[in-house]
There are 2 protein chains.
Amino acid sequence: MKEEFKLDNQLCFRLYTASRLMTQAYHPLLSEHGLTYPQYLVLLVLWEADAQPVNDIAHKLYLETNTVTPLLQRMEKEGILIRQRGQKDARQMIVSLTRKGWDLQKKLADVPFKVGGAVLCDSVTPETAPTLYKMLNDIISKLKND
Amino acid sequence: MKEEFKLDNQLCFRLYTASRLMTQAYHPLLSEHGLTYPQYLVLLVLWEADAQPVNDIAHKLYLETNTVTPLLQRMEKEGILIRQRGQKDARQMIVSLTRKGWDLQKKLADVPFKVGGAVLCDSVTPETAPTLYKMLNDIISKLKND
DNA sequence: TACTTTTGTATCGTAAACGATATAAAACAA
DNA sequence: TTGTTTTATATCGTTTACGATACAAAAGTA
């Protein structure tokens, strides 16, 4: 068995697993408010800057619009946000938070701390986290081609 | 805007993005052979040890059987593997590679190198990769509760 | 043995992801 | 202005993920 084929040596598999397990860690905190993790990411984007076109949201999340559009439609149906045609450019759909969307910010205030604490371990601490962040950022930068 | 709500500060978002982009990097190499990334992971598991029950495969991939079962059914339909009821325990489904499944190992021999090379950058090198591996492993260990 | 619980897989429903394609508005070019 | 290309979003089909549930075989218990 060649070393490079061993599951334990696969960087991608570790990223894939760590990502899924972290998302699962968010699940109980988010489902309590009827949210999924990708929907939470959309909220993070809109809390930083409200009233953005679909394209900007998708770009910030490194997702395609064909992923984001249905996601936003579901969130609109839940009354978390509204989608309106742009006035300057009628092709754009401007996404804005409703009162309910803003209220969620207060309700989810403790989520980052709870999840942050859940991953602390020997090798990942407040001191070493920046190293991990930088590595992940560099991988993302290297792989995204736009 | 609170710092902990900023997208850039979210470890999970970086893992999620890095994982998706790495999977996308595999895509052209795998789709050429009619495979998806999770199907490739199943092959990695079976190449290490053929003829395993569904449960063992799922466990090694940190996935649930309700994810793995349909995935294996599709791979069986493609003639990559076969699923047979266990003889000692009739509840088990023993998954074994076909000739076609083993042949893929040779055809995919260059995949780990191609993808490995695609992520090399300033902070992720053959020297620093073990640090990243350890951090991801520790996060996985911390989050999996079994 | 008969009954209960556990275990291994499968089925179902929903929500991502994402390649491929469609469509209308805007930008550009002839 | 008319025709072409680009852009922003949406729709469609397929494959994960995963919670909830179903079901039969095995294990444990009375």
Side-chain angles (χ1 to χ4, degrees), chain A residues 12-13 16-28 30-32 34-42 52-59 61-78 80 83-95 143-144 146, chain B residues 12-13 16-28 30-32 34-42 52-59 61-78 80 83-95 143-144 146:
Chain A
C12 185
F13 173 60
Y16 164 81
T17 303
S19 170
R20 282 193 311 102
L21 294 182
M22 278 218 69
T23 300
Q24 288 175 24
Y26 276 94
H27 187 265
L30 297 178
S31 67
E32 186 182 351
L35 291 171
T36 64
Y37 180 69
Q39 290 174 5
Y40 174 68
L41 291 181
V42 168
Q52 297 187 52
V54 173
N55 228 5
D56 288 17
I57 297 172
H59 197 257
L61 298 178
Y62 303 95
L63 290 168
E64 300 298 321
T65 60
N66 57 1
T67 297
V68 174
T69 292
L71 206 160
L72 293 173
Q73 289 170 338
R74 283 186 286 270
M75 293 177 80
E76 185 174 40
K77 198 157 25 172
E78 294 298 321
I80 296 168
R83 304 181 312 132
Q84 296 168 302
R85 283 279 161 207
Q87 293 171 351
K88 283 175 299 187
D89 188 335
R91 291 170 301 182
Q92 290 185 330
M93 265 303 213
I94 307 297
V95 181
L143 291 177
K144 74 165 200 281
D146 53 357
Chain B
C12 185
F13 174 60
Y16 163 82
T17 303
S19 169
R20 282 193 310 102
L21 294 183
M22 278 218 70
T23 300
Q24 288 175 23
Y26 276 94
H27 187 264
L30 297 178
S31 66
E32 187 183 351
L35 291 171
T36 64
Y37 181 69
Q39 291 174 2
Y40 173 69
L41 291 181
V42 168
Q52 296 187 53
V54 174
N55 228 4
D56 289 17
I57 298 172
H59 197 257
L61 298 178
Y62 303 95
L63 290 167
E64 300 298 321
T65 60
N66 57 3
T67 297
V68 174
T69 291
L71 205 160
L72 293 172
Q73 289 170 338
R74 282 186 286 270
M75 292 177 81
E76 185 175 40
K77 199 160 18 173
E78 295 298 321
I80 296 169
R83 304 180 312 133
Q84 296 167 301
R85 283 279 161 207
Q87 294 171 352
K88 283 175 300 188
D89 188 335
R91 290 170 300 183
Q92 290 185 328
M93 266 300 213
I94 307 297
V95 182
L143 292 177
K144 75 165 199 281
D146 51 359

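- In this model, the phosphate group of C:dA10 is approached by a side-chain N or O of B:Arg83 to a distance below 4.0 Å at OP1 or OP2.
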At a cut-off of 3.5 Å, list every protein nitrogen or oxygen paired with a nitrogen or oxygen from nucleotides 3-5 of chain C, distance to 0.1 Å.
none

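- Scanning all heavy atoms of the two residues, the minimum distance from A:Leu41 to B:Tyr16 falls at CD1-CE2, 3.5 Å.
- Neither OP1 nor OP2 of D:dT9 sits under 4.0 Å from any side-chain N or O of A:Thr65.
- Taken from CG in A:Leu71 to OG1 in A:Thr65, the straight-line distance is 12.0 Å, to the nearest 0.5 Å.
- Atom CG in B:Leu41 sits about 14 Å away from atom C1' in D:dT15, given to the nearest Å.
- Taking the side chain to side chain contact (heavy atoms under 4.5 Å, CB included) definition, one finds that A:Gln24 meets it with A:Arg20, A:Leu21, sequence neighbours left out.
- One interatomic measurement links the two molecules: CG of B:Asn55 to P of C:dA10, which rounds to 10 Å at whole-angstrom precision.
- With sequence neighbours left out, A:Asp56 forms a side chain to side chain donor-acceptor pair (under 3.5 Å) with no residue at all.
- Under the rule for a side chain to side chain donor-acceptor pair (under 3.5 Å), the partners of A:Glu76 that lie at least two apart in sequence or sit in another chain are A:Arg83.
- Atom NZ in B:Lys77 sits roughly 10 Å away from atom P in D:dT14 (whole-Å rounding).
- B:Tyr40 meets the ring-ring contact (aromatic ring centres under 6.0 Å, His included) test with B:Tyr26; sequence neighbours excluded.
- Checked against side chain to side chain contact (heavy atoms under 4.5 Å, CB included), B:Ala25 has the following partners two or more places apart in sequence or in another chain: A:Leu143.
- Annotation: salt bridge (charged side-chain N to carboxylate O under 4.0 Å, His left out) contacts of B:Glu64 (sequence neighbours excluded): none.
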In 5'-to-3' order, the base (B), backbone-only (S) or no-contact (-) status of each nucleotide in nucleotides 13-23 of chain C, using a 4.0 angstrom heavy-atom cut-off, is --SSBBBB---
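- Distance, A:Ile57 CD1 to D:dA8 P: 14 Å, rounded to whole Å.
- Annotation: salt bridge (charged side-chain N to carboxylate O under 4.0 Å, His left out) contacts of B:Arg74 (sequence neighbours excluded): none.
- Per the geometry, NE2 belonging to B:His59 stands 18 Å off P belonging to D:dA17, to the nearest Å.
- Applying a 4.0 Å cut-off to non-hydrogen atoms, the residues of residues 86-94 of chain A that approach DNA chain C are A:Lys88, A:Asp89, A:Ala90, A:Arg91, listed by residue number.
- To the nearest angstrom, C1' of D:dT11 lies 9 Å from CD of A:Gln73.
- Residues in residues 84-95 of chain B take part in these salt bridge (charged side-chain N to carboxylate O under 4.0 Å, His left out) pairs, two or more places apart or across chains: B:Asp89-B:Arg91.
- Qualifying side chain to side chain donor-acceptor pair (under 3.5 Å) partners for A:Gln52, counting only residues two or more places apart in sequence or in other chains: A:Lys60.
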